[in-house]
Amino acid sequence: MITGTLSDRSDSSHSEALRSRLLIAGKGVILFGVALLLVRFAAFDPLVRLVADLVSPDGVVTATGRGQLTRLMLGMSGLVLLTGAFLLVLSNARWRGAVDSVVRWDALRQRGLEVPDPYWALAGSAGCGALIVALWFWQGHLGAVVEAAFDKEGFFEDVTFVLELAAAALCATAAIRWKVRDGMALRIARILYALCALGLFFVAMEEINWGQTLLGFDTPASWAAINYQHQTSVHNLLDRGALNEATELLAVAFGFVVLGMIGWSVRAPRSFIAAIAPSASLAPLAMIISAGGVRLHPEVLELLLSVFFAFYSYRILVAVGRTAAIRAGAPDVPLARASRSGNELLEYTHDAIIIWELDGAGVLYWNSAAERLYGYSRDEARGRITHELLKTRLAGGVGNLEQTLARFGIWVGELQHITRDGRTVIVDARLALMAQDNGRWLVLEVNRDVTDLKNAEAERQAVERQLAELRSRHAQT
């Protein structure tokens with residue numbers, strides 16, 4: 001109990017320190033955004049003169065330049081204020097938990113597969129997308145080097161080819177190594193990953209005009225008559241206007257398709273759509289692509305799409321590779337079926353550990369600590385529904401707990417249980433969903449008894465209330 005109390009205090013202290021840092025950072029960022037607005041509306045002319053001295057050869061800023069500087073400052077102010085507001089949202093534990101649940105949502109993770117850190121994926125994908133868009137719009141002010149990078153056959157076109165080819169290779173490797181047998185949905189997903197690899201390989205070859213670059217033959221006369229770039233690639237057989245319109249339509253629809261797939265994966269996390277749906281951390285980049293569909297050049301849109309699929313395919317390979325490593329190092333036996341001798345670590349822990357089947361056969365594993373805490377032997381508990389056996393009570397009800405667990409794969413909170421001898425115990429519970437090869441979904445439940453801690457806290461609060469009443473009475477007399 002002492003160890004548990006110290007751990008609880010450590011977690012609370014860490015959470016409070018994080019909240020304080022986020023609160024300070026949020027307020028500081030918002031003050032910076034307000035300062036930018038004040039400069040724009042109260043000290044714009046001195047700023048214009050400063051900019052003219054720094055960047056203008058003749059010391060003059062034209063009306064067009066003033067307009068561009070105005071838009072830049074207003075855009076920066078809006079972005080800074082939104083960032084500050086987001087940090088303030090994160091400083092609230094409940095809102096931070098909601099944001100964390102959204103960012104970490106991944107249908108593959110709900111099936112027990114390993115995936116890359118979602119926050120790094122979010123920062124990397126959205127950051128790359130925003131940087132590419134900013135470079136495109138500001139290339140005229142950043143010099144000839146950046147402008148040349150966006151030229152036909154330039155640096156960014158080479159980057160697009162490399163990313164598309166890499167994504168194709170990652171998808172193909174994942175499809176070959178795919179050993180997960182968790183239902184028909186993931187078997188279909190393996191085929192779809194292979195098709196995705198073929199599609200990305202074809203697009204990459206189109207990017208370098210595979211007919212001329214790899215096969216070394218000239219464009220046939222019949223193709224040259226309708227090919228506006230005189231290159232041997234299928235997409236150039238389209239009229240230039242039709243090709244641009246098709247690219248814009250694809251880009252605009254892309255973001256909504258990605259959001260639809262993510263939404264589908266939330267509602268039906270065991271469907272084959274969920275198995276191939278991108279993670280929620282890639283949604284911002286998808287919306288950047290969608291928003292840029294009517295403003296950006298097709299080559300820029302293709303670069304953004306190649307970045308998206310590079311992150312998407314890497315996530316698949318990580319899931320497959322991590323799963324393969326686990327299966328190579330341990331027998332394919334559900335943890336719930338393990339015996340006392342095979343899981344000594346679970347038997348020696350002071351936490352009550354229970355494993356039960358979701359929508360299934362009830363309790364499958366019940367360790368010694370659970371026997372001591374609740375008074376039921378493992379034979380008595382096996383096959384029983386834990387919430388019925390222990391008369392579970394919590395805010396929102398058991399149904400809400402199971403819905404949250406099925407949707408997000410994890411649930412953390414306090415539960416009230418009734419032991420065999422009628423005592424009420426309060427436990428700090430952590431529930432995690434585990435997928436098995438035979439299609440079963442198991443729940444690992446780890447319960448730590450905090451009854452004494454809660455009672456002591458209640459007594460302390462009662463004493464504080466009594467002292468407050470005594471002080472109030474003494475002050476009145």
Q) Is there a side-chain contact between Met261 and Ile276, using heavy atoms and a 4.5 Å cut-off? A) yes
Item to check | Other residues, nucleotides, ligands: >12 heavy atoms within 6.0 Å of Phe201 CZ | outcome: no
Exercise. Taking NZ, NE, NH1 and NH2 as the nitrogens, is one of them in Glu445 or Arg430 under 4.0 Å from a carboxylate oxygen of the other?
Worked result: no
In this structure, CZ of Arg372 is separated from CG of Asp449 (nearest 0.5 Å) by 11.5 Å
Report task. In sequence, state the C-alpha distance, the side-chain angles, and the governing distance for Val252 and Ile289, and then conclude on side-chain contact (heavy atoms from CB on, under 4.5 Å). Result -> CA-CA 7 Å; Val252 171; Ile289 295 172; over 6 Å; no
Output for pair (Trp136 CH2, Glu299 CD), nearest 0.5 Å, gives 9.0 Å
OG (Ser306) and CD (Glu157) are apart, to the nearest 0.5 Å, by 11.0 Å
(Q) Quick one: does any side-chain atom of Gln416 pair with a main-chain N or O of Thr424 as donor and acceptor, under 3.5 Å? (A) no
Separation between CG (Asp117) and CZ (Arg315), nearest 0.5 Å, reads 13.5 Å
Checklist entry - Taking atom types as modelled and ignoring hydrogens, do the side chains of Ser377 and Asp379 form a donor-acceptor contact shorter than 3.5 angstrom? => result no
Would you say the side chain of Leu401 lies within less than 4.5 Å of the side chain of Leu431, judging by non-hydrogen atoms? yes
Open item on the list: Between Ile316 and Leu170, is there a side-chain heavy-atom distance shorter than 4.5 Å?
Closed with: no
Checking side-chain contact (heavy atoms from CB on, under 4.5 Å) for the pair Tyr376/Leu390: CA distance, chi angles, key distance, verdict?
CA-CA 10 Å; Tyr376 295 98; Leu390 303 176; 4.1 Å; yes
Note: Ala280 and Ile262 closest approach over all heavy atoms is CA-CD1, 3.9 Å
Heavy atoms, side chains only, cut-off 4.5 Å: are Met73 and Val39 in contact? yes
Margin query: Check Asp428 with Arg448, please: is the shortest side-chain N to carboxylate O separation under 4.0 Å?
Written below: no
**Prompt:** Once the angle between the rings of Tyr312 and Phe309 is folded into 0 to 90°, is it parallel (under 30°), tilted (30 to 60°) or perpendicular (over 60°)?
**Reply:** perpendicular
Worksheet entry | Derivation of the side-chain contact (heavy atoms from CB on, under 4.5 Å) call for Leu444 and Trp356 | CA-CA 7 Å; Leu444 172 64; Trp356 46 279; over 6 Å; no
Residues Ala370 and Ile354: closest non-hydrogen pair is CB-CG1, 4.4 Å
Rounded to the nearest 0.5 angstrom, the CG-OG1 distance for Asn447 and Thr392 is 8.5 Å
Apply side-chain contact (heavy atoms from CB on, under 4.5 Å) to the pair Leu304 and Val307, showing each step before the final yes or no.
CA-CA 5 Å; Leu304 292 172; Val307 172; 5.6 Å; no
On a heavy-atom basis, the closest approach of Ser313 and Ala167 is OG-CA, 3.3 Å
Next on the checklist: Within the supplied structure, the quantity of interest is the number of heavy atoms (other residues, nucleotides, ligands) at a distance under 6.0 Å from Phe161 CZ; does it exceed 12?
Outcome noted: yes
task: Decide yes or no for Arg423 and Ile418: does some side-chain heavy atom of the first lie under 4.5 Å from some side-chain heavy atom of the second?
output: no
- prompt: Is there a donor-acceptor pair under 3.5 Å between the side chain of Arg190 and the backbone N or O of Ala175?
  reply: yes
query = Between Glu388 and Arg384, is there a side-chain N and carboxylate O pair less than 4.0 Å apart?
reply = no
Open item on the list: Using side-chain heavy atoms (C-beta onward) and a distance below 4.5 Å, is Ile426 in contact with Leu453?
Closed with: no
Taken in chain and number order and not counting sequence neighbours, the residues that satisfy ring pair (Phe, Tyr, Trp, His ring centres under 6.0 Å) with Tyr374 are Trp366, His417
| task | State, yes or no, whether a side-chain contact exists between Ser125 and Phe308 at a heavy-atom distance under 4.5 Å. | result | no
Scanning both residues in full, the closest heavy-atom pair of Asp106 with Ser279 reads OD2-CB, 3.2 Å
With heavy-atom distances below 4.5 Å as the criterion, would you say the side chains of Val258 and Phe254 are in contact?
yes
Output for pair (Leu405 CG, Ile410 CD1), nearest 0.5 Å, gives 9.0 Å
### Query
Can a salt bridge be assigned to the pair Lys454 and Glu457 using a cut-off of 4.0 Å between side-chain N and carboxylate O?
no
Got more than 12 heavy atoms from elsewhere within 6.0 Å of CZ, Arg267? no
In short, Cys196 meets Cys171 closest at the heavy-atom pair SG-SG, 3.9 Å
Between Ala130 and Ile288 the two heavy atoms that sit nearest each other are N-CD1, 4.1 Å
I'd like to know whether OH of Tyr119 has more than 12 heavy-atom contacts from other residues, nucleotides or ligands below 6.0 angstrom. yes
From the list Val427, Asn367, Thr419, side chain to side chain contact (heavy atoms under 4.5 Å, CB included) with Leu373 holds only for Val427
Checking Leu442, Val443, Thr386, Val363 against Ile355 for side chain to side chain contact (heavy atoms under 4.5 Å, CB included), the one that qualifies is Leu442
